[in-house]
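To start, the structure under review is shown below, and the notes come after it.
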Amino acid sequence: TVQLVESGGGSVQVGSSLRLSCTVSGDTDRSNCMGWFRQAPGKEREGVATIFTDRGSTYYGDSVKGRFTISQDSAKNTLYLEMNSLKPEDSATYYCAADSSWSDFCAPEASLMDSWGQGTQVTVSS
């Protein structure tokens with residue numbers, strides 16, 4: 001299994017930047033797809049960004065393309081989400097997730113992930 005712990009959420013103003021971190025531990029050798037998802041109250045969980053950890057390929061949800069960047073530091077077993085030009089509609093609980101098995105498919109779809117962190121809250125106010 002893979003354990004994930006998010007950090008870095010907070011309350012910011014419109015147009016600000018924020019970086020989320022996800023510390024990954026456990027049986028990571030069998031996992032090559034990780035990502036970030038978010039869920040606002042009353043809405044479905046949305047795929048934000050995913051990354052193939054073995055090759056570095058990244059994928060983004062349409063609502064964050066050009067503003068958010070997913071990256072990893074393998075030496076630190078950490079996944080990051082750099083968020084720029086934040087908007088009120090970005091407010092949500094952000095979750096780090098992983099597909100604990102090796103995969104050739106890594107789209108930002110929640111159904112692909114089977115390991116989840118506890119979430120970190122991001123609030124963007126105008």
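Numbering starts at 1 and runs along the sequence shown.
Between atom OG1 of residue Thr28 and atom CD of residue Gln3 there is a gap of 9.5 Å, rounded to the nearest 0.5 Å.
Screening residues 42-52 for side chain to side chain donor-acceptor pair (under 3.5 Å), with sequence neighbours left out, gives Arg38-Glu46, Gln39-Arg45, Glu46-Ser63. Within the structure, every pair that satisfies the disulfide bond (SG atoms under 2.5 Å apart) test and touches residues 46-126, not counting sequence neighbours, is listed here: Cys22-Cys96, Cys33-Cys106. The list of disulfide bond (SG atoms under 2.5 Å apart) pairs with a residue in residues 51-90, not counting sequence neighbours, is empty. For residues 12-48, the pairs satisfying ring pair (Phe, Tyr, Trp, His ring centres under 6.0 Å) are Phe37-Trp116, with sequence neighbours left out. Residue pairs that meet the ring pair (Phe, Tyr, Trp, His ring centres under 6.0 Å) test with at least one member in residues 7-32, sequence neighbours left out, do not exist here. A side chain to side chain donor-acceptor pair (under 3.5 Å) check over residues 51-61, counting only residues at least two apart or in different chains, returns nothing.
For Asp114, there are no salt bridge (charged side-chain N to carboxylate O under 4.0 Å, His left out) partners, not counting sequence neighbours. With sequence neighbours left out, Arg67 forms a side-chain contact (heavy atoms from CB on, under 4.5 Å) with Val64, Ser85, Lys87, Asp90. Qualifying salt bridge (charged side-chain N to carboxylate O under 4.0 Å, His left out) partners for Asp62, counting only residues two or more places apart in sequence or in other chains: Lys65. With sequence neighbours left out, Tyr94 forms a ring pair (Phe, Tyr, Trp, His ring centres under 6.0 Å) with no residue at all. In this structure, Arg19 has no salt bridge (charged side-chain N to carboxylate O under 4.0 Å, His left out) partners at least two apart in sequence or on a different chain. For Val5, the side-chain contact (heavy atoms from CB on, under 4.5 Å) partners two or more places apart in sequence, or in a different chain, are Gln118.
Between the side chain of Thr93 and the backbone N or O of Thr120, no donor-acceptor pair lies under 3.5 Å.
Using a 3.5 Å distance cut-off with no hydrogens or angles, the side chains of Ser91 and Glu89 do not pair a donor with an acceptor. Ser101 and Asp99 are linked by a side-chain donor-acceptor pair at a separation below 3.5 angstrom, with hydrogens and angles left out of the test.
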